[in-house]
Amino acid sequence: MKKLAALFMAALLAVGVLAGCGGKDAEKTEAATTAAETDAQADTAQADTEEKETGSTDGTEEAAGTEGASDSDMAYVKEKGKLVVGITEFEPMDYQNEAGEWIGFDADMAKAFAESLGVEAEFIVIDWDNKIMELDGKSIDCVWNGMTLTDEVKSAMECSKPYCENAQVVVVPADKADQYQDLDSLFTLSFAVEAGSAGEAELEKLADMGDLNYTPVGQQADALMEVAAGTSDAAVIDSLMAGAMVGEGTGYADLTYTVSLNGEEYGVGFRKGSDLADALNQFFAESYADGSMVKCAETYGVQAALIEQ
């Protein structure tokens, strides 16, 4: 009996030991499994994070590329298929022929430049005093109308290199021209001048020197009409326009120009930062080199004012 009891107790102890060993192994296995799962989950999370970060970077780069494209005036103009040019009635630079087509040195050069871009030129008559607002609001793509490169213009627009020389001159009736040959004689006159123009800026300078009476009008052509009608004694307009529109053989044969108020240069204005300005500078250089720019200038009698490109 004692032997049987001893054997029985030994058997129980063996089972307990085996059970204990099995429990420890199971715990180890379970712990290892849990750790592996945790590591796998961590790897997956890291991979997801990297994928999201990569995707986000790619998306940012793509967005940046899109934004860069949208910032290009060249791309904008080519996408819509036209270059919208802001002008006023200004012979010999921009004016209409009998068929209603816009012609002139500036108009013809604008058409040629647009063609070089693979688009068409569209001309819109603007209020010259609002040219910067029209440009920034994208009602037009450029101002190309015998525009003087003033400090205001150069600070508000991306401008081309100058292409023509010009001056602001005083236009008076031909039969009174001998009375108005110097600055001092001008203070007795009433003037008409285009609002927002270089001519108005010159009259403002004169007004600082003494009493001067002037009335802003819509366009330079309107200023000439004021003088022709006798409602103003004189007008201040661009010398290139005066050369084409007043004197013998013109529509204003009874008018002439006398005093030159300044010397200036013409340029084309685009939106600030526009890549079209550099493109136009290159076009001007090529057109001058191949003779087409000079030929166009000769067509409208402005070749003497042309600046070498």
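- Under the 3.5 Å distance criterion, the side-chain polar atoms of Gln309 are matched with a main-chain donor or acceptor of Pro162.
- Of all heavy-atom pairs between Val171 and Val246, the closest is CG1-CG1, 4.2 Å.
- Salt-bridge annotation for Glu298 and Lys295: absent, with no side-chain N of the basic residue lying under 4.0 Å from a carboxylate O of the acidic one.
- How far OG1 of Thr256 is from CG of Asp178: 11.0 Å, rounded to the nearest 0.5 Å.
- Between the side chains of Thr258 and Gln181, not a single donor N or O lies within less than 3.5 Å of an accepting N or O.
- For the pair Asp136 and Arg271, the salt-bridge criterion is not met [side-chain N within less than 4.0 Å of a carboxylate O].
- A donor-acceptor pair under 3.5 Å is absent between the side-chain atoms of Ser232 and the main chain of Ala234, judged by distance alone.
- With rounding to the nearest 0.5 angstrom, the CG atom of Leu83 is 4.5 Å from the SG atom of Cys142.
- Here the side chains of Lys80 and Tyr76 are in contact, with some heavy-atom distance below 4.5 Å.
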Practice prompt. Mind running side chain to side chain contact (heavy atoms under 4.5 Å, CB included) on Leu255 and Val227 for me, showing each step along the way?
Written response: CA-CA 8 Å; Leu255 302 182; Val227 181; 3.7 Å; yes
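- Not one N or O on the side chain of Ser287 forms a donor-acceptor pair closer than 3.5 Å with the backbone of Met293.
- In this model, a donor atom of one side chain and an acceptor atom of the other lie less than 3.5 Å apart for Glu264 and Gln168.
- Atom CG of Asp254 has 12 or fewer neighbouring heavy atoms from other residues, nucleotides or ligands inside a 6.0 Å radius.
- Between the side chain of Ser274 and the main chain of Leu276, a donor-acceptor pair closer than 3.5 Å is present.
- Side chains of Asp233 and Tyr180: a donor-acceptor N/O pair is absent below 3.5 angstrom, by distance only.
- Annotation: side chain of Met209 is in contact with side chain of Phe187 (closest heavy-atom distance under 4.5 Å).
- Taking a cutoff of 4.0 Å between a charged side-chain nitrogen and a carboxylate oxygen, Glu101 and Lys111 qualify as a salt bridge.
- Two residues are said to be in side-chain contact when any heavy atoms from C-beta on lie closer than 4.5 Å; Trp102 and Val85 fail this criterion.
- When the shell of 6.0 Å around CG of Asp211 is examined, it contains 12 or fewer heavy atoms from other residues, nucleotides or ligands.
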Item to complete: Under the side chain to side chain contact (heavy atoms under 4.5 Å, CB included) rule, what do Tyr163 and Met109 come out as? Steps first, then yes or no, please.
Response: CA-CA 11 Å; Tyr163 63 90; Met109 291 301 294; over 6 Å; no
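- Annotation for Met74 and Ala279: closest pair CE-CB, 3.6 Å, computed over non-hydrogen atoms.
- Between Met93 and Tyr300, the closest side-chain pair of non-hydrogen atoms is not below 4.5 Å.
- Heavy atoms of other residues, nucleotides or ligands lying less than 6.0 angstrom from NZ of Lys176 number 12 at most.
- Residue Glu165 holds its CD atom at 5.0 Å from CD1 of Ile307, rounded to the nearest 0.5 Å.
- Taking the side chain as every heavy atom from C-beta outward, Val268 and Val143 never approach each other to under 4.5 Å.
- Under the 4.5 Å side-chain heavy-atom criterion for grouping Ile, Leu, Val, Met, Phe, Trp and Tyr, Ile132 is not connected to Ile87 through any hydrophobic cluster.
- The two atoms that bring Ala114 and Ala121 nearest to each other are CB-N, 3.7 Å, heavy atoms only.
- Rounding to the nearest 0.5 Å gives a distance of 7.0 Å between NZ of Lys272 and SG of Cys159.
- Heavy atoms of other residues, nucleotides or ligands lying less than 6.0 angstrom from CG of Asp175 number more than 12.
- A heavy-atom distance below 4.5 Å is found between the side chains of Trp144 and Leu280.
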Worksheet item: Hey, mind stepping through Val259 and Val169 against side chain to side chain contact (heavy atoms under 4.5 Å, CB included) and telling me if it holds?
Response: CA-CA 6 Å; Val259 181; Val169 297; over 6 Å; no
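- We find the CG-CG distance between Leu212 and Leu206 to be 6.0 Å, quoted to the nearest 0.5 Å.
- Checked by atom type, the side-chain pair Asp275/Ser72 shows a donor-acceptor distance below 3.5 Å.
- The cluster map of Ile, Leu, Val, Met, Phe, Trp and Tyr, joined by side-chain heavy atoms under 4.5 Å apart, puts Val193 and Met225 in different clusters.
- For the side-chain contact (heavy atoms from CB on, under 4.5 Å) criterion with Met241, the lone passing option out of Glu91, Glu89, Gln220 is Gln220.
- Under the 4.5 Å side-chain criterion, counting only non-hydrogen atoms from C-beta, Thr215 is not in contact with Phe191.
- The shortest side-chain heavy-atom distance between Trp128 and Ser197 falls under the 4.5 Å cut-off.
- When atom types are taken as modelled, the side chain of Asp290 and the backbone of Ser292 share a donor-acceptor pair closer than 3.5 angstrom.
- Heavy atoms only, all atoms of each residue included: Ile103 and Asp108 are closest at CA-OD1, 3.9 Å.
- Summarising the local packing, CD of Gln179 is surrounded by more than 12 heavy atoms from other residues, nucleotides or ligands at distances under 6.0 Å.
- Between Lys82 and Glu120 there is no salt bridge, since none of the side-chain N atoms of the basic residue sits less than 4.0 Å from a carboxylate O of the acidic one.
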Discussion item. If you apply the rule side-chain hydrogen bond (donor to acceptor under 3.5 Å, both in side chains), what do you find for Asn281 with Ser160, and how did you get there?
Written reply: CA-CA 6 Å; Asn281 288 336; Ser160 72; 4.6 Å; no
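- With Asp141 contributing its side chain and Val84 its backbone, the two residues share a donor-acceptor pair below 3.5 Å.
- In summary, the side chains of Asp106 and Tyr95 do not present any donor paired with an acceptor at a separation below 3.5 Å, with no hydrogens or angles considered.
- Between the side chain of Asn97 and the backbone N or O of Gly100 there is at least one donor-acceptor pair closer than 3.5 Å.
- Atom CD of Glu200 and atom CG of Leu203 lie 7.5 Å apart (nearest 0.5 Å).
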Item to complete: Begin with the C-alpha distance, continue with both residues' side-chain angles, and end with the deciding distance and a verdict on salt bridge (Lys or Arg N to Asp or Glu O under 4.0 Å) for Glu134 and Lys131.
Response: CA-CA 5 Å; Glu134 295 278 4; Lys131 57 186 176 293; over 6 Å; no
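- Criterion: ILVMFWY side-chain heavy atoms under 4.5 Å apart, direct or through other members. Under it, Leu149 and Phe284 are not part of a common hydrophobic cluster.
- Closest of all the heavy-atom pairs between Ser139 and Ile124 is O-CD1, 3.9 Å.
- Nearest approach of Ser239 to Asn166, heavy atoms of both residues: OG-OD1, 3.0 Å.
- Both Leu306 and Phe90 belong to a common hydrophobic cluster when Ile, Leu, Val, Met, Phe, Trp and Tyr are linked at side-chain heavy-atom distances under 4.5 angstrom.
- In this structure, a donor-acceptor pair under 3.5 Å is present between the side chains of Asp238 and Tyr266.
- Under the 4.5 Å side-chain heavy-atom criterion for Ile, Leu, Val, Met, Phe, Trp and Tyr, Tyr257 and Val236 are members of distinct hydrophobic clusters.
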